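Note sheet for the following structure.
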Amino acid sequence: MRKPVIAGNWKMYKTIAEAVEFVKRLRPLVARVEHCEIVVAPPFTALRAVCDALRGSNIGLAAQDLHWEREGPYTGDVSASMIREAGCTYVIIGHSERRHGHGETDAMVNRKVKAAVAEGLTPIVCVGETLAEREAGKTLEVLARQFEGGLAGLTAQEFSRIMMAYEPVWAIGTGRTATPQLAAESHGELRRLVSLRFGEAAGKQVRILYGGSVKPENIGGLMAEEQIDGALVGGASLAVDSFTAIVNYRL
Ligand code: 13P
């Protein structure tokens, strides 16, 4: 059984005060939730304060990115040990907004994944095609390239720490969600790639989240798909009500 994960990626939203206020309101609303793992990913500046506000709760903390080196002259970057010290147990890696907005390549994703795993963090590795790639019939090719490049050189044991997120770029922040069937098709392909590369058990165990305009209204249909193990939620994770409704997709 794969335990579902509902993760909120706050991107560049929320001040420290807003982030702490959010989790203080969220905590009691989800305190009894056992059917899924709950994760929030605030901006770097709010991580420590949110960590303190989450202490003793059932909500995990993620960073939105990291650098692969332990330390060094990398202005603006933050290392795996730094985000772990700030209280993170998860880290989002290879989000399309980093790939497309910051020129992040599969080779960089790969170094970040290795650094995160070495630090004992759980990477949430994002992959997904653009609209042009989908329309050109290249979706599976793109997923294979991102998968092979981003996860190159890992052992099956290292891979067992990793979660993946399928985020079709055309569905992010557009209000245009992939249909559950279409998402399930890509998830199935990713799972097949995992099985080929890391063994059948890894394919059965890996959790693959869907991201792209997930809302309270569409989470039920997505989670009904056997292949979909949770959601990486952007916009709808910024309000306590809609994030709570997504966490409680079964109720
Ligand atoms: P939206 O839910 O706002 O489409 O964002 C999805 C996303 O990028 C999550 O990482």
Side-chain angles (χ1 to χ4, degrees), residues 4-14 18-19 22 26 36-44 46-47 50 59-66 83 88-102 104 109 112-113 116 121-131 133-134 139 142-143 146-147 150 162-180 182-184 186-187 190 207-223 225 228-249:
V5 181
I6 302 292
N9 174 10
W10 292 354
K11 308 190 178 184
M12 198 172 73
Y13 292 97
K14 295 194 189 297
E18 288 165 350
F22 180 103
L26 179 67
C36 66
E37 271 173 53
I38 307 168
V39 179
V40 292
F44 286 134
L47 286 175
V50 169
I59 305 167
L61 188 64
Q64 298 175 17
D65 185 32
L66 83 173
I83 59 175
C88 294
T89 50
Y90 305 80
V91 57
I92 298 170
I93 299 178
H95 192 281
S96 66
E97 287 153 12
R98 300 227 45 99
R99 291 176 186 265
H100 300 289
H102 294 263
E104 204 163 294
V109 169
K112 292 182 177 197
V113 169
L121 295 162
T122 296
I124 304 174
V125 182
C126 304
V127 294
E129 79 287 2
T130 62
L131 184 59
E133 288 164 340
R134 172 158 288 273
T139 298
V142 170
L143 295 182
Q146 292 177 338
F147 173 82
I162 289 172
M163 285 181 205
M164 301 205 58
Y166 171 59
E167 298 211 319
V169 179
W170 46 270
I172 296 177
T174 57
R176 189 177 160 193
T177 327
T179 62
L182 191 146
S186 293
H187 285 223
L190 286 169
R207 289 178 290 181
I208 308 178
L209 319 187
Y210 168 78
S213 298
V214 173
K215 305 182 211 52
E217 302 79 55
N218 58 28
I219 184 70
L222 289 161
M223 294 305 292
E225 289 290 336
I228 300 180
D229 305 313
L232 185 54
V233 187
S237 74
L238 295 172
V240 173
D241 292 353
S242 53
F243 189 59
T244 305
I246 292 170
V247 166
N248 288 326
Y249 63 89

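Read the numbers this way: they start at 1 and go in the same order the structure lists the ligands and their atoms. In what follows, every heavy atom counts, from backbone to side chain, and hydrogens, waters and symmetry copies are set aside. What you are looking at is a predicted structure, and each value in this text was computed from that prediction instead of being measured.
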Report task. Could you tell me if any non-hydrogen atom of G173 lies under 4.0 Å from any atom of ligand 1? Result -> yes
**Report entry** Proximal atoms of ligand 1 relative to G212 (non-hydrogen, under 4.0 Å)
**Finding:** 4 (O), 6 (C)
Query - atom 2 (O) of ligand 1: nearest protein contact (heavy atom, Å) - result: G234 N, 2.9 Å
**Report entry** ligand 1 versus I172: contacting region, heavy-atom distance under 4.0 Å
**Finding:** both
Query raised in the report: Roughly how far, to the nearest 0.5 Å, is CD of E97 from NZ of K11?
Result: 3.5 Å
Query raised in the report: Mind checking whether T174 has an N or O less than 3.5 Å away from an N or O of ligand 1?
Result: no
Query - Pairwise side-chain contact, M223 with I246, heavy-atom cut-off 4.5 Å (strictly under) - result: no
Query raised in the report: Can you tell me how far the CZ atom of R99 sits from the CD1 atom of I93, to the nearest 0.5 Å?
Result: 10.5 Å
Query raised in the report: Can you list the steps and then say if L61 with V40 is a side-chain contact (heavy atoms from CB on, under 4.5 Å)?
Result: CA-CA 5 Å; L61 188 64; V40 292; 4.3 Å; yes
Query raised in the report: Going by the atom numbers of ligand 1, which of them fall below 4.0 Å from some non-hydrogen atom of N9?
Result: 9 (C), 10 (O)
Report task. Starting from atom 5 (O) of ligand 1, locate the nearest protein heavy atom and write down its residue, its atom name and how far away it is, to 0.1 Å. Result -> K11 NZ, 3.2 Å
Query raised in the report: Between atom CD of Q146 and atom CG of L190, what is the distance when rounded to the nearest 0.5 Å?
Result: 9.0 Å
**Report entry** Stepwise side-chain contact (heavy atoms from CB on, under 4.5 Å) check, R98 with V109
**Finding:** CA-CA 10 Å; R98 300 227 45 99; V109 169; over 6 Å; no
**Report entry** Ligand-side contact atoms (ligand 1) for residue partner E167, heavy atom cut-off under 4.0 Å
**Finding:** 7 (C), 8 (O), 9 (C), 10 (O)
Query raised in the report: Going by distance alone, is a donor N or O of one side chain under 3.5 Å from an acceptor N or O of the other, for H95 and Q64?
Result: no
Report task. Check if A171 has a non-hydrogen atom at a distance under 4.0 Å from any atom of ligand 1. Result -> yes
Query raised in the report: Near G235, which atoms of ligand 1 are under 4.0 Å from a heavy atom of that residue?
Result: 1 (P), 2 (O), 3 (O)
Query raised in the report: Taking only heavy atoms of S213, which atoms of ligand 1 are found under 4.0 Å from at least one of them?
Result: 1 (P), 2 (O), 4 (O)
Query raised in the report: Under 30°, 30 to 60°, or over 60°: which ring-plane class applies to Y210 and Y166, parallel, tilted or perpendicular?
Result: tilted
